[in-house]
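One structure is given below, encoded as structure tokens.
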2 protein chains.
Amino acid sequence: MATTATTEKGRRTRQRIIEATGEQILAAGIGGTTLDTVRAATLTSKSQLFHYFPGGKTELVREVAVWEGEQLLAAQEPEIHDLGSWESWRRWRDGLVAYYLGQGRWACPIGSLATEAASADPETSALITTSMSAWKDMLAAGVARMQAAGHVDASADGDLLATGIVASIQGGIILSQPERSPRPLEAVLDQVLDPLLVRTGTSRA
Amino acid sequence: MATTATTEKGRRTRQRIIEATGEQILAAGIGGTTLDTVRAATLTSKSQLFHYFPGGKTELVREVAVWEGEQLLAAQEPEIHDLGSWESWRRWRDGLVAYYLGQGRWACPIGSLATEAASADPETSALITTSMSAWKDMLAAGVARMQAAGHVDASADGDLLATGIVASIQGGIILSQPERSPRPLEAVLDQVLDPLLVRTGTSRA
DNA sequence: TCATCGTTGGACTGCACAGTCCATTCCTAG
DNA sequence: CTAGGAATGGACTGTGCAGTCCAACGATGA
């Protein structure tokens, strides 16, 4: 498999294709993204697309899924590695909302891929699940840190809580999308983060 | 516009087309649903599709969106009109999970349409928003009933809470989908319903 | 019984788009 | 400066699919 990327130049071209495709998918969905529009946006040719992605569109979409997954986590640095205090959670929350806001479009690169790929390409679907799990695990680690610090009930199921947070983000974005407003996302995030943010030292029965 | 449905027979055919299309969209997405597969599934002909839906696939999808919106609310009867007690909320919650479970596939007819249509057809997107809002409003009314009965803080923002619930459902399903398990959905639902179910120590086994 | 309108059948058109193929240019090592 | 592999250009093919068109069938009222 020495085919796909050998030269530095080649790697950059390949990366350019992935990123442009990601943007188009975010804006128009997988179905609304064609190899021709990608080609136009990247000033490449058809042969390059198949040179770097022999598996065609399917493979390209998969690479996009992986890339977006990494980007999403990267966008949450450095807070995602902290999350050991209420302040850190809040900064993380604000940063996340800002990230989606900066996206221009109210859609999660991963979430939108998830729904569309689920019924089309199981392998892409699996990649996305991996991303989601990694994300959830980092949040769960944060919850565990809160518990270790005694800020949160040790009896709470951190994994379940983290799952709820991720789900809330996804659902919040779905509702934010048509409204073109961060409100729904913020509303649901605040609700689900409540147990982490609210109890300033005192626990709520 | 007497074109679309005059006879009883015609109306039934039209409805059959809508429902079959809905099923296919749920299973394969809008992009994965073609007029030919719909034609095959309904034992109709191309001309019938365009006879009943002169606007073509676009119009058909819109009708599906409306229909699914109604179905979703209908599936929550009669609890959705109550929601004045913890028990009612719990029954509603269980019924909803059961509904999605019975769907065979972990996808919300409305939610999956939402993401895919958002970037393709603004009008369909608007229809879905309407459905979502109606849904949210009914839940908000339930919250208000809980408040009126003194079961929930009167100071809570019912509309925001309802938004959070809907968002949680959508997000929960996204995560439930690849896992093929109701867990994530249940996890997030329980978290967001917590303020409604937990208060004043009664119930919540 | 005929006339009219709704319903149905299915062949046909046109296009958008994934994927193929070969020719050409660019880069770098030797 | 040259040979070979990588990178690029772009014409071409095949097909899946939305949408068109016309011809036939069926019911209902006059």
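Computed from heavy atoms alone, side chains included, the values below leave out hydrogens, waters and symmetry copies. Letters go in sequence order (proteins before strands), and every chain restarts at 1.
The NZ atom of B/Lys57 sits 15 Å away from the P atom of D/dG16 (whole-angstrom rounding). A straight line from NZ of B/Lys46 to P of D/dT20 spans 10 Å, rounded to a whole angstrom. Put simply, NZ on B/Lys9 is 14 Å from P on D/dC25, counting in whole angstrom units. In this structure, A/Leu49 places its CG atom 12 Å from P of C/dT20, rounding to the nearest Å. Atom pair A/Leu35:CG and C/dG19:C1' shows a separation of 8 Å (rounding to whole Å applied). The CZ-C1' distance, from A/Arg11 to C/dC27, rounds to 14 Å in whole Å. For the pair A/Phe50 CZ and D/dA11 P, the computed distance is 17 Å after rounding to whole Å. The distance between atom CZ of A/Phe53 and atom C1' of C/dC17, rounded to the nearest whole Å, is 18 Å.
Within 3.5 Å, a donor on the side chain of B/Ser47 pairs with an acceptor on the base of C/dG9, or the reverse.
Side-chain polar atoms of A/Trp89 and A/Glu79 form no donor-acceptor pair below 3.5 angstrom. Between the side chains of A/Gln147 and A/His151, no donor-acceptor pair is found at a separation under 3.5 Å.
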Would you check, one step at a time, whether the test salt bridge (charged side-chain N to carboxylate O under 4.0 Å, His left out) holds for B/Arg39 with B/Asp36?
CA-CA 5 Å; B/Arg39 186 185 49 67; B/Asp36 277 317; 3.3 Å; yes

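You'll find that the side chain of B/Ser45 is closest to C/dT8, out of D/dG19, C/dA18, C/dT8. Taking every side-chain heavy atom of A/His51 into account, D/dA7 is the closest of D/dG19, C/dT7, D/dA7. Closest to the side chain of A/Asp36, from the set C/dT8, C/dC17, D/dT8, is C/dC17. Closest to the side chain of A/Thr7, from the set D/dA6, C/dT8, D/dG19, is D/dA6.
Of the side-chain N and O atoms in A/Tyr52, none sit less than 4.0 angstrom from OP1 or OP2 of D/dA6. In terms of phosphate contacts, B/Gln48 brings a side-chain nitrogen or oxygen within less than 4.0 Å of OP1 or OP2 of C/dT8. Within the structure, a side-chain polar atom (N or O) of A/Thr13 is placed less than 4.0 Å from OP1 or OP2 of D/dT8.
In this structure, the side chain of A/Asp121 engages the main chain of A/Glu123 through a donor-acceptor pair within 3.5 Å.
Among the atoms of the strands shown, none is found under 4.0 Å from any heavy atom of B/Thr37. Among the heavy atoms of the strands, none lies under 4.0 Å from A/Thr58.
Nearest heavy-atom pair across B/Ile17 and B/Thr21 is O-OG1, 2.7 Å.
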